[in-house]
Amino acid sequence: MDAAEKRDRLAELAPERVKELDAEEEEDEHDLPDLPTAEEGEVRMRVAPNPNSPWHVGHARMAAVVGTYKDRYDGEFLCRFDDTDPETKRPDLDAYDAILDAIDYLGFEPDDVMLASDRVDIYYDHARELIDEGGAYTCSCPGEEFSELKNNADACPHRDKDPETVHEEFSAMVDGEYSAGEMVLRVKTDIEHKNPALRDWVAFRMVDTPHPREEAEDVRCWPMLDFQSGVDDHLTGITHIIRGIDLQDSAKRQQFVYDYFGWEYPEVVHWGHVQVDEYDVELSSSTISELVEAGELDGWDDPRAPTVASLRRRGIRGEAIVDAMVELGTSTSNVDLAMSSVYAANRDRIDDETDRAFLVRDDPAHGGGAVERSIVDGPDAGHPPVHPSHEDRGEREIPVDGGVLVESDDLPEEGDRVWLKGYGCVEHTGEAFEYTGDDIEVVKDGPVDVIHWVPDDALSTRLRTMDGDVSGYAEPGLAEYDADDLVQFERIGFARLDAFDTGTEDLLAYYAHP
RNA sequence: GCUCCAGUGGAGUAGCGGCCAAACUCACGGCCCUCUCACGGCCGAGCCCCCGGUUCGAAUCCGGGCUGGAGCACCA
């Protein structure tokens, strides 16, 4: 007996048991793994983006997964901007809102939003407390020198300074009396720790460049990620942290601080890096920024850019991204996100409600270019359905006056017929399409193909795709639609209508996916 | 060099000692449906890194290899 037979048999004997099985299957279907020691209502997580750029597709994974866990455990979700490096990872003032927009688009709402650059006094207070505990010391070793000592498991001469001196020097750091590189505050860990990455790491350093936020422009002494993030996670009651394998050592580093303070470290899940297929542009904030600045991309929402804003402009629903991200799970190995799974998830969500339309592309690489043929003896309009699965939504009306445009790859040989979808059968005479009427049987059992078409007074259209722009002609009825509406261009794919009458063309649309 | 982590079909995930010659999602091939190459239906191909060990029994545990990734920043 195979599974289906067993099931049928079970349905006869115990129908209620089948329902139970269905319910079980529903529950554990492609869910994220359980969070360790998580309790309903007691989970608090955070996303901690660096606002140095808007989000690329990879960034969306954090929000997607954290948001999904929040919903699953009825927990909370904090967005904390880790903007503590005004120089190498200089914040982009527009990125704060862009990131919050991206989270909203993905379908989540943070319970709390905070900026690390508003909290430096809190970090200073904890640094002082740590100094009191004997857990930190100011150090003026040049980086290279310290690195050498550290790699040999040797302490530097500053390690045993008395707390008063450390306090004085740290206050001088806070007051901005040093320049970059002159003084740091280190956490005293274990200089002989077998993992060199954990030995006496830097907690605060001097940065000469002012922070772009007015509120923080006078700060010169900035905490490093491991200190700032460690303190904030505890102070904000984070119970579970998800972060990349590049931060594998962070928890171990921060554990030293937690030990000094007697805090309990949150649960941590490490995951690998994501790559995304189908894009020519690397999934990297700096690369995308450079291309945008150089004008090679029109902006962060250029369809060729692997960014959240781009997917949004193409009409892909945030939930579809979340679906695909959740399917990637949280394994520690690096993963490749196939855009096709995002597309499949999106199609699931939009196919049923999206109106159909015709677009004849005028592009040698796609369809071979538009060609015009006059119609001889045909009806004065075509009437394809708005949606093939929903007759009740009615038919489109496409008036045919003089001629029609089709893609040349669809053009039949002279003497052969083709079925203009929603219009009827025509024979190609070389110069024209002669209407032959015919029964639909010639399509069902015969040699006649069904193709899309538009009348010769169609809307000039630019379709922006990941592979560049394609021009073409869309059926006139689309002029009645609104920007932001989605359509499926039959035999081409789904697209989002972006703008009308742009000055260069009647319609501007963004291609989503097949 | 030191340290840490991982290795299941084309991509991703699940399974974590017997129910597993392995399940699911996407992709792929074929067929059916169809006035779309969408949607839907059916069928198919394809996977436990290697070698030892423990065990009645290992994808699952242990050891060693190999391969890949990550950290050793006054970046996040």
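What's counted below: heavy atoms across the whole structure, side chains too, no hydrogens, waters or symmetry copies. Every value quoted in this text rests on a predicted model; they were computed, and no experiment measured them. Below, chains carry the letters A, B, ... as their sequence lines are ordered, and counting in each starts from 1.
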Write down the distance separating the [atom1] atoms in [N] and [M], rounded off to the nearest Å.
N       : M       : atom1 : value
rG30(B) : rG46(B) : C1'   : 15 Å
rA21(B) : rC49(B) : P     : 16 Å
rC48(B) : rU3(B)  : C1'   : 29 Å
rC35(B) : rA45(B) : C1'   : 33 Å
rC19(B) : rA58(B) : P     : 11 Å
rC24(B) : rC47(B) : C1'   : 14 Å
rG71(B) : rG17(B) : P     : 33 Å
rA38(B) : rA76(B) : P     : 48 Å

Measure centre to centre between the rings of Tyr123(A) and Phe227(A), then say whether the value is under 6.0 Å. no
Ring-ring centroid check His240(A) Tyr69(A), cutoff 6.0 Å: no
Per [X] side chain, nearest of listed nucleotides [options]:
X         : options                   : value
Met224(A) : rU36(B), rC74(B), rC35(B) : rC74(B)
Ala197(A) : rG71(B), rA76(B), rC26(B) : rG71(B)
Arg253(A) : rC4(B), rG71(B), rA27(B)  : rG71(B)
Ile245(A) : rA70(B), rU36(B), rA6(B)  : rA70(B)
Ser340(A) : rC39(B), rA27(B), rG69(B) : rA27(B)

Using Watson-Crick or G-U wobble geometry with both distances below 3.5 Å, tell me the partner of [N], or none.
N       : value
rU60(B) : none
rC48(B) : none
rC37(B) : none
rG68(B) : rC5(B)
rG12(B) : rC24(B)

For [X] and [N], is the shortest distance between a side-chain N/O and OP1 or OP2 below 4.0 Å?
X         : N       : answer
Arg347(A) : rG40(B) : no
Ser331(A) : rU13(B) : yes
Lys194(A) : rC2(B)  : no
Arg205(A) : rC75(B) : yes
Ser147(A) : rA73(B) : yes
Lys150(A) : rA73(B) : yes

Arg119(A) bridged to Asp83(A) by N-O distance under 4.0 Å: no
Would Lys89(A) and Asp82(A) pass as an ion pair if we require N to O under 4.0 Å? no
Has the side chain of Lys89(A) got a donor or acceptor atom sitting under 3.5 Å from an opposite partner on the base of rC75(B)? yes
The residue among Tyr137(A), Tyr178(A), Phe170(A) that forms ring pair (Phe, Tyr, Trp, His ring centres under 6.0 Å) with Phe204(A) is Phe170(A)
Identify, between Met206(A) and Asp336(A), the residue whose nearest nucleotide on RNA chain B lies closer to the 5' end. Asp336(A)
Comparing nearest nucleotides in RNA chain B, the 5'-proximal residue of the pair Pro514(A), Tyr423(A) is Tyr423(A)
For a quick test of reading the model, state the closest non-hydrogen atom pair linking Tyr435(A) to Gly424(A) and the distance between them. CE1-CA, 4.0 Å
side-chain hydrogen bond (donor to acceptor under 3.5 Å, both in side chains) partner of Glu490(A), the single match among His452(A), Lys421(A), Arg356(A): Lys421(A)
Nearest whole angstrom, please: distance from the P of rA6(B) to the CG of Asp246(A). 16 Å
